[in-house]
Structure formats: C-alpha cells, structure tokens
Number of protein chains: 2
Amino acid sequence: MDFEPLGLAADLVILTVRDGRLQVLLIRRGIAPYQGRWALPGGFVRPDEDLETTARRELAEETGLSSERIHLEQVATYGAPDRDPRGRVVSVAYLALVPDLPAPVAGSDAASAHWVEVAEVDAGRLAFDHHRILADGVERARAKLEYSPLATAFCPPEFTISELRGVYEAVWGTPLDPRNFHRKVTKTADFVVPAGGTTTRDGGRPAQLFHRGTATTLHPPMTRA
Amino acid sequence: MDFEPLGLAADLVILTVRDGRLQVLLIRRGIAPYQGRWALPGGFVRPDEDLETTARRELAEETGLSSERIHLEQVATYGAPDRDPRGRVVSVAYLALVPDLPAPVAGSDAASAHWVEVAEVDAGRLAFDHHRILADGVERARAKLEYSPLATAFCPPEFTISELRGVYEAVWGTPLDPRNFHRKVTKTADFVVPAGGTTTRDGGRPAQLFHRGTATTLHPPMTRA
DNA sequence: AAAATAGTGTCTATCAGACAATATTTT
DNA sequence: AAAATATTGTCTGATAGACACTATTTT
C-alpha cells in the first residue's frame, strides 16, 4: 500500500497539583515552528512503537518518571490538515497525572520544561492547537475526579484525607467542606483504605494516612458544587 | 520533514436500537486481509481531509445519513504496530448514534452492510482489532447515557418517554421502572420538552410526544441499576 | 370487559450539604 | 491559651426505588 506523507505524534498533558494549584508541564520551544512559544511536551511515534509507549517514553524524558504506576490515558486525536505548518501531522494526546515531584523536573529536555499554573496559561500563547488539547485534557481530569478514584494519582502512595481534598479543590477550583468530604470519601466503598500510620505534616491534629483502594469507579460519585 | 510510511484510517461504531435491541452496523469484508470476516465500516483519511470529515463521509456512504445532526464523536485511536498486516495503519475510531432507520441501509457499500445485535457479535469474528474498538464504543455509549441526553440521538425527532426508556433498556440491557423513569426524565432540567402532540403508536393510552431539550449534561444523572 | 400502556401519588431509606461539637497537635 | 487541622455527629431537604392507583386507549 502506498500512503500519503503523514507524521504521527504523541503529545502530553502532564498535570500535577503544587501549592494547592493545578499545574501543567510546558516546554519552551527552541526551534521553528513556533520557536520561543510554550508547547506541550511530545514527540513523534517511532516505527514499531505503540502509541502509549511513545507517550510513556516522552513522559520519562520530561519528568524522569518512568514508573508504570503513573496514570496515563489517551484523551483524543487531533488531525486538522493545517494544524502543523511543516505538513500533515496527526497528534494523539495523552493525559498524565503525577504527584507533586520531590525532585525538580529532570531529563534531557529539562532545561526548557516548567510547571505552569493551568489557570494562568493564556489561550494565544501556546504553539499549534495545544491550547485546545490542554483544555480537553483538563476537562477530562475534572470530569473523571467525579466518578473515578483518579484524584489519588496526584497523591504520593500514602496521603491524608485533607491532601486528597486539596487535589479536588485544585482541580475543580472550588472549596469543599472538609467534614462532608471526609465522610464521603471514607464511606465510598474501596476508594481509600487506612494505611495504619498518621502524620502531622499538614499541621494540627495528626491525620490518618491512607492509600488508594481497589475501586475503579466511585459509588456514589463525588459531586462538584 | 520525512515521515515513516503510515496509513491513517477512521473506523466507525455505528449504533442503533432496533426491535428493542442494541445493534451495530458491520460490513462483510470482500477483500484481503480478513476477507469474508465482519468488520466495522471505515476508510482512509484523504489528504487535506479532517478526521471527522472522513468519519462523516464514511457514515454517509454506509447509511445514507449525511445530516450534520447525526451524533458523531471520537472515541479513541488505535495504533499497535502490528494491528494491520498491510503495514502500519493507525485508526481513529468514531461513535455514531442513529435512529432506527425508516429506509434500509443504503449507499455504495450497502450490499455488504448489515445490522448485527451487539450482544451476539462474538469476539473472534471481527477483523483487525475491531472487537476492541466495538467494545470501547459500546462502553462509551453506555456511560454517556448516564450523564448526557445522548439517548435522544437514537430517537426520531419526536418521541415518547417510553420510547426513550426503550433506548436505555436496550443499551444498558436492564429493565427500568416505567413510572420512576417517567418522573426522572420529565423532572431533569431541559432533558426533554413537550412537543405538543400525542401518539398511540406504542399502544394503550396516548402518550405525549417530546423532543430533545437544550441540556448537554443531565443534572441529576440517570442511574444504572 | 379485558388488556395494554401512560402518568400521578405515596412511602421509605439514603444521601448531600450545612454546621455544631470534640480531639489532638503546634505555636 | 490560642490557632490549626482532624474527625464525629446531628439535622434537614432532596432523591431513588418500590409500588398503589388512576387515566385513556385498542381489542
């Protein structure tokens, strides 16, 4: 079969919660097109490489996180004929949720990679159609917090209920009642399970530590205000 | 830029509800690979053609439905290196929901197109990775019925509450209480609006006709048993 | 009249949201 | 002691699900 010339890329919306805010990893483009503009990390799919493999490779290159335990899911594919001035490039977008990294961003492209608060990314500043991809990725994350235990993907292996609440508040941009949240989370079957210890890292009375449970869907779902 | 040889296709999961059952449009492949096997309709993306344009073109070719009002949404992209024996072909899958067609399937490829009950499609019978694509498409439809007014996409412009309930029952495979369903649907803001008339096409007491409302998300959502 | 479907009303257990009260830490 | 956070409990209004009952058609 003969194929039209076509490039296939995987781009990543890598989200984390730092300082109580939802942040996305952006890179400053060093080369044309869109030189000097912010862009989502990504790269071309290699021959014989699966799409998710490409995404995980790029994730590791940009963050140093190579664990299979990092949450990564496909969001959508963007293929408008004119979305890349270099020619026809179709991009498969992935959403990655990572905990607040103890180590700073590391890896080969690290020099140009920065965490940027999602609320402060402005529409015209991103290369290609990356603003649209970012918006779709963020919306996916917001929606999935409701009915999946995905919020735990932003947390370290052991976390407190209030840290988990901080994730919801940052992603949704809404304050939640600590008391109702606590009750809801601990009563939702298999959402979180007690890890045994306590911590005072959040100040005040020691909080119980939890780790994520086995649930894949939350019954009942968490509700946005 | 030079690109690796690569094909880009759009494949369609076209669902409808006929005779109270969820059905999918499949075609019998006339040529290799997988000659004689059932497959999802689809085709290659043309140069300068947007992905959704390809999907709508294929939809029109297979069903004769060219209206922009047909619900069509992207589901996921499949790109395992060995998924097509002809070479590297990446497929963007779309989900289309169509009403029970008054006219039989028509169009250029119609000769080989048939409605098949989803519950009776068996895993090994489909070409390529189409069983996986079908499963993902059906799961998407099932999930979206809960929190979106998507069920109306299976209905004609004017429908009764019990016809809408029939859609839910067919897609979810669960019987629903007609009385609670009626109350729930009519009380959910902007889900359906009265069209004015009534019909006795379902037998019994005349039922009010409705058409779809302006809601894009259902508050509260419909709940699966 | 009998059967079929449409639609309304009622009851109960559960849940979301508001918020009081108590517990245990650091400053 | 004061401030901060954690956790439990209580109250109220809304809702889901079960199901009795009434309404309007066809057979």
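In the text below, chain A, chain B and the rest are named by the order of the sequence lines, each starting its count at 1.
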Nucleotide [N], atom [atom2] - distance to [atom1] of [X] in whole Å:
X: Y168(B); N: dG17(D); atom1: OH; atom2: C1'; result: 17 Å
X: H219(B); N: dA16(C); atom1: NE2; atom2: P; result: 16 Å
X: K187(A); N: dT7(D); atom1: NZ; atom2: C1'; result: 12 Å
X: D177(A); N: dA6(D); atom1: CG; atom2: P; result: 13 Å
X: L209(B); N: dG7(C); atom1: CG; atom2: P; result: 9 Å
X: R165(B); N: dA6(C); atom1: CZ; atom2: P; result: 6 Å
X: Q208(A); N: dT5(D); atom1: CD; atom2: C1'; result: 14 Å
X: D202(A); N: dA4(D); atom1: CG; atom2: C1'; result: 11 Å

[N] OP1/OP2 closer than 4.0 Å to side-chain N/O of [X]:
X: R183(A); N: dA16(C); value: no
X: K184(A); N: dA16(C); value: yes
X: R205(A); N: dA3(D); value: no
X: S162(B); N: dA6(C); value: yes
X: H182(A); N: dT7(D); value: yes

**Prompt:** Could one point to a donor on the side chain of R179(A) or the base of dA20(C) with an acceptor on the other under 3.5 Å away?
**Reply:** yes
**Prompt:** With a 3.5 Å cut-off and no angle check, do the side chains of D136(B) and Y78(B) form a donor-acceptor pair?
**Reply:** yes
**Asked** Would D11(B) and S91(B) count as having a side-chain donor-acceptor pair, cut-off 3.5 Å?
**Response** yes
**Asked** Does the side chain of L97(B) reach to within under 4.5 Å of the side chain of L150(B), using non-hydrogen atoms?
**Response** yes
How is [X] classified with respect to the nucleic acid when contacts are heavy atoms under 4.0 Å: base, sugar-phosphate, or nothing?
X: P178(B); answer: nothing
X: R201(A); answer: nothing
X: T186(B); answer: nothing
X: N180(A); answer: base
X: T223(B); answer: sugar-phosphate

**Asked** Between G203(B) and R224(B), who's closer to the 5' end of DNA chain D by nearest nucleotide?
**Response** R224(B)
**Position toward the 5' end of DNA chain D (nearest nucleotide), P206(B) or P220(B)** = P220(B)
**Request:** Assess whether ring-ring contact (aromatic ring centres under 6.0 Å, His included) is satisfied between H114(B) and W38(B), documenting all intermediate values.
**Result:** CA-CA 10 Å; H114(B) 296 276; W38(B) 291 107; 5.8 Å; yes
**Request:** Count the heavy atoms belonging to other residues, nucleotides or ligands that lie under 6.0 Å from CZ of R83(A), then report whether that count exceeds 12.
**Result:** yes
**Request:** Determine whether the aromatic ring centres of F210(B) and F159(B) lie less than 6.0 Å apart.
**Result:** no
